[in-house]
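Below is one structure, written out as structure tokens; the observations come after it.
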Amino acid sequence: MITITLPDKSQRHYESGVDGMAIAQSISPRLAKEVLAISVNGETWDLTRPITEDAEIKLFKWEDREGQVTFWHSSAHLMAEAIEFFYPGTKFGIGPTVDTGFYYDIDLPEGKQLTEKDLEKIEAKIIELSRLKNDIVRSSVSKADALKMFKEKGDELKLELISELEDGTISLYNQGNFTDLCRGPHLPNTEYIKAVKLTSIAGAYWRGNEKNKMLTRIYGVTFPKQKMLEEYLVLVEEAKKRDHRKIGKEMELFTFSQKVGQGLPMWLPKGTMLRLQLEDFLKRVQKKFGYEQVMTPHIGDVNLYKTSGHYAKYGADSFQVIKTPVEGEEYMLKPMNCPHHCELYAFKPRSYKDLPIRMAEFGTVYRYEQSGELHGLTRVRGFTQDDAHLFCRPDQIKDEFKKVIDIIFIIFKALNFENYSAQISLRDPNKPEKYIGSAENWDKAERAIIEASAEKGLKTVTVLGEAAFYGPKLDFMIKDALGRSWQLGTIQVDYNLPERFELEYIGADDKRHRPVMIHRAPFGSMERFVAVLIEHTAGKFPLWLTPEQVVVLPISEKYNDYAQSISDFLNNCDIRSLIDDRNEKIGRKIRDNELKRIPYLLIVGEKEAENQTVSVRRQGHGDVGSMSWNGFAELINNEVKEQLSSFNN
RNA sequence: GCCUUCUUAGCUCAGUGGUAGAGCAGCUCACUCGUAAUGAGCAGGUCGCGGGUUCAACUCCCGUGGAAGGCUCCA
């Protein structure tokens, strides 16, 4: 007999060799129906794998990430089996799970190619195979046997994988006619997989290395119920509707032109209005936190970036050097603002009493992103950072860092980003060559971030190897209305640039000291941030931010003058308003302006003109009654004030 | 940069080896209108660009620009 301990610490006794499925069955038949995998002493196992020792276990269902991972992992195998059916001789690389679903990298037989059209027949085959209810059976094999087996199959991708594994740790999984090298765990049989959608097909380098062969990657997602697939597809549709590229065009926020160049977004008047609202808001917040705005040019001497280290590290990812025509001096389009700001700091001698000095700039930078990387506003070649550099004494770092976190929270609040997470990115201790600066300074910087985050009560995850080359950072991720994660603001502690630029201040001891820099950008880039905001709100921006807050709709041309005087009045009250004086019926004007996502529509005709009122429609709520001009202006101003209540000045 | 797919009117999209079509938007006219599309008419495209095959290319082939989804990268 062995003793099994459940997560609630209760204990049950079973014959040695009992498996997860039997345990679930003994607890409740319903649980047995839903369970997908089991954790045995912290390791996820197949439900059918015998347990021979006392163990702490946990059963995983679809709702658990481990359950989904097991489900999708088995799905990848099932897809592979279907592919092998249609394309015998296909070599299989790796088939892992992703956030939603799985993929498999395959190498099709010579001359064969897959297109989107082939996916349907593979989907059908997967469901057909699923219905066979083949058991998925695990077996341990020796390295020699595994090598022999895949050699016979001619699958050199698997051979390469096996050759890197330790003998004695190799397991195979078989279902029907398909056997795959795999660590597992897997579902008990294929029938669990009820619904499948193969989502896309793409090229992917073998093992992610661009020197290797390009394999075919097929992405898919599966579910235990058809209904879940349908819900998933609805979500995908919704994401498409919210695509910032689509909405940006519809709402006339920004555009690209082939003639201007790829990856170079241009802001149309409405997008510019939106962006200016964001910038003005941040400027006001920063002013309150003691920042000073500065401005620097778009280019800088190459030596500036050689000094900063950017040239050595990112020279290849920058635009080519610009030479002056006569003297042959070399300049670069600036890829970062920090070197310029360092020179502003060095403008005059600084005293310890001057610190911290906080320089903020909406600085436009240019980076050469590979053409395949460009994506809407989220990945571009010219963008504006809401950048600032805080130069402080070592004893001020933690406080300054905490104040930056406060600013980020004010912003999240004003924009209704309620779900966020934070990641501390530290250096990879095994790859010192990736970073500049002394280990001692890195230790100090990393400690400052960890402590400040802890003191702010931030829940953080820590990732090694994700730091910038000059210092560790704290990044904020938000979850949007569809549950998707986006990386936004970043805060970085840097001991290195001050050293490279030989920045100093005179201390109370009358000696020269080196300041520490904090780089920070709460929005990250204005372009990317606006993209996220569009997708989060589906273009229905908060009232304070939206480019057009009110449109006045005269019932007929007879009331255009009255409408115009209301619009003028509102604009005088700092409310952004327009009139729709097209010769259209009121129903049409309402429809068009609703589709343009205008928050407030004012309908005015004979009644309103007579009583000096406006009839108000709120986006999404319809007619909300009539009121006086002043009453409406107050309504708008109060709503804006409420939205910005995280920051009142 | 690499793989795959796409590129036709301002937008969304049909279409065929025999020199292009719809809806919406635009313009004109009529209606002067009460809470999500009034009607009629007009105009609008060297089918991304450059070559080639062909009697004939928007269509087939090659090259190239751009976009989308991946891969690699992201200070």
Side-chain angles (χ1 to χ4, degrees), chain A residues 98 103 105 113-117 199-219 240 243 245-246 249-250 252 255-263 305 308-318 334-339 365 367-376 378-380 385 387 434-436 466-471 473 487 490 492 494 497 519 521 524-525 528 553-560 582-596 601-608 615-617 619 621-626:
Chain A
V98 291
Y103 66 80
D105 282 348
Q113 213 176 33
L114 270 181
T115 69
E116 308 266 343
K117 289 174 196 95
T199 46
S200 71
I201 190 164
Y205 300 111
W206 170 233
R207 320 206 79 178
N209 184 331
E210 57 187 311
K211 295 197 179 82
N212 287 341
K213 182 169 185 183
M214 177 72 70
L215 304 179
T216 304
R217 173 171 298 181
I218 304 171
Y219 282 89
K240 266 191 207 160
D243 190 312
R245 293 165 301 189
K246 180 174 178 292
K249 197 185 279 181
E250 272 169 25
E252 300 186 359
T255 188
F256 292 87
S257 157
Q258 220 180 107
K259 289 179 184 160
V260 170
Q262 60 175 166
Y305 306 105
S308 69
H310 289 102
Y311 185 82
K313 186 81 184 170
Y314 291 108
D317 300 323
S318 302
K334 74 173 169 190
M336 282 296 272
N337 302 302
C338 22
V365 296
R367 298 176 183 178
Y368 170 71
E369 303 285 358
Q370 299 187 83
S371 61
E373 309 311 326
L374 301 171
H375 178 94
T378 60
R379 196 77 187 270
V380 290
Q385 296 178 313
D387 213 354
K434 277 174 69 181
Y435 309 99
I436 58 172
E466 292 285 306
F469 74 92
Y470 50 73
K473 56 184 185 172
Q487 197 205 305
T490 177
Q492 305 166 2
D494 178 5
L497 282 188
H519 308 239
S525 104
R528 186 185 160 77
L553 314 180
I555 296 281
S556 79
E557 287 177 347
K558 283 195 281 186
Y559 308 104
N560 281 358
R582 291 176 305 159
N583 188 4
E584 291 290 349
K585 290 180 128 180
I586 195 67
R588 175 56 178 274
K589 292 188 187 181
I590 288 169
R591 176 182 156 82
D592 288 351
N593 286 288
E594 286 277 352
L595 291 175
K596 281 166 78 181
L601 301 180
L602 300 181
I603 286 117
V604 298
E606 191 179 352
K607 262 188 299 182
E608 290 77 13
S615 184
V616 181
R617 267 189 78 100
Q619 182 183 53
H621 295 86
D623 192 350
V624 295
S626 61

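No hydrogens, no waters, no symmetry mates; every other heavy atom, side chains included, goes into these values.
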Distance, [atom1] atom - from [M] to [N], rounded to whole angstrom:
| N | M | atom1 | result |
| --- | --- | --- | --- |
| A57(B) | G52(B) | P | 11 Å |
| G66(B) | A56(B) | C1' | 29 Å |
| A36(B) | A20(B) | P | 43 Å |
| A22(B) | A9(B) | C1' | 11 Å |
| U59(B) | C3(B) | C1' | 26 Å |
| C58(B) | U7(B) | P | 16 Å |
| U5(B) | C62(B) | P | 12 Å |
| G23(B) | U19(B) | P | 22 Å |

Quick one: which of [options] gets closest to the side chain of [X]?
| X | options | value |
| --- | --- | --- |
| Ile590(A) | G69(B), U35(B), C33(B) | U35(B) |
| Arg217(A) | G34(B), A75(B), G70(B) | G70(B) |
| Gln492(A) | A30(B), G34(B), A75(B) | A75(B) |
| Ile555(A) | C33(B), A75(B), U72(B) | C33(B) |
| Asp623(A) | U32(B), A75(B), U35(B) | U35(B) |
| Arg379(A) | A75(B), C33(B), C73(B) | C73(B) |
| Lys249(A) | U12(B), A75(B), U35(B) | U12(B) |
| Tyr219(A) | A36(B), A75(B), G70(B) | G70(B) |
| Leu595(A) | A75(B), G34(B), A36(B) | A36(B) |
| Ile201(A) | U35(B), U4(B), G70(B) | U4(B) |

Starting at atom [atom1] of [X], determine the distance to atom [atom2] of [N], rounded to an integer number of angstrom.
| X | N | atom1 | atom2 | value |
| --- | --- | --- | --- | --- |
| Glu584(A) | U28(B) | CD | P | 13 Å |
| Asp317(A) | U72(B) | CG | C1' | 11 Å |
| Phe256(A) | C11(B) | CZ | C1' | 18 Å |
| Lys240(A) | A68(B) | NZ | P | 15 Å |
| Tyr205(A) | U4(B) | OH | P | 11 Å |
| Trp206(A) | C3(B) | CH2 | P | 19 Å |
| Gln258(A) | U64(B) | CD | C1' | 11 Å |
| His519(A) | A75(B) | NE2 | C1' | 9 Å |

Nearest heavy atom decides the nucleotide; on that basis, is Glu594(A) or Arg582(A) closer to the 5' end of RNA chain B? Arg582(A)
Which is more 5' along RNA chain B, the nucleotide nearest Leu215(A) or the one nearest Tyr470(A)? Just name the residue. Leu215(A)
Any [X] side-chain nitrogen or oxygen under 4.0 Å from OP1 or OP2 of [N]:
| X | N | answer |
| --- | --- | --- |
| Ser371(A) | G1(B) | yes |
| Arg245(A) | G69(B) | yes |
| Lys607(A) | G34(B) | no |

What nucleic acid atoms does [X] come within less than 4.0 Å of, heavy atoms only: base, sugar-phosphate, or nothing?
| X | answer |
| --- | --- |
| Lys585(A) | base |
| His375(A) | sugar-phosphate |
| Tyr103(A) | nothing |
| Gln370(A) | base |
| Gly376(A) | sugar-phosphate |
| Gly372(A) | base |
| Ser615(A) | base |
| Gln619(A) | nothing |

For [N], give its Watson-Crick or G-U wobble partner with both distances under 3.5 Å, or none.
| N | result |
| --- | --- |
| G69(B) | C3(B) |
| G34(B) | none |
| G48(B) | U64(B) |
| C42(B) | G26(B) |
| A20(B) | none |
| A75(B) | none |
| A9(B) | none |

Report yes or no: does Arg617(A) contribute a side-chain atom to a donor-acceptor pair with the main-chain N or O of Glu594(A) at less than 3.5 Å? no
Counting only N and O atoms by type, is there a donor-acceptor contact under 3.5 Å from the side chain of Lys213(A) to the main-chain atoms of Trp206(A)? no
Spell out yes or no: do the side chain of Glu252(A) and the base of G10(B) have one donor N/O and one acceptor N/O closer than 3.5 Å?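 Side chain to base: no pair below 3.5 Å.
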Side chain of Asn583(A), base of C33(B): donor and acceptor closer than 3.5 Å?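 Such a pair is found, so the answer is yes.
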Between [Y] and [X], is there a side-chain heavy-atom distance shorter than 4.5 Å?
| X | Y | result |
| --- | --- | --- |
| Arg582(A) | Asp592(A) | yes |
| Ile603(A) | Ile590(A) | yes |
| Leu602(A) | Leu553(A) | no |

With under 30° as parallel and over 60° as perpendicular, where do the rings of His310(A) and Tyr470(A) fit, or are they tilted in between? perpendicular
What heavy-atom pair brings Glu608(A) and Gly605(A) nearest, and what distance separates the two atoms?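 Where Glu608(A) meets Gly605(A) most closely, the heavy atoms are OE1-N, 2.9 Å.
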Specify the closest pair of heavy atoms between Ala204(A) and Asp105(A), including all atoms of both residues, with the distance to one decimal.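 Looking at all heavy atoms of both residues, the closest pair is CB-OD1, 4.0 Å.
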Step-by-step side-chain contact (heavy atoms from CB on, under 4.5 Å) determination, His519(A) to Cys338(A): CA-CA 8 Å; His519(A) 308 239; Cys338(A) 22; 3.6 Å; yes
Take Glu606(A) and Tyr559(A) through the side-chain contact (heavy atoms from CB on, under 4.5 Å) test and state the conclusion after the steps. CA-CA 7 Å; Glu606(A) 191 179 352; Tyr559(A) 308 104; 3.3 Å; yes
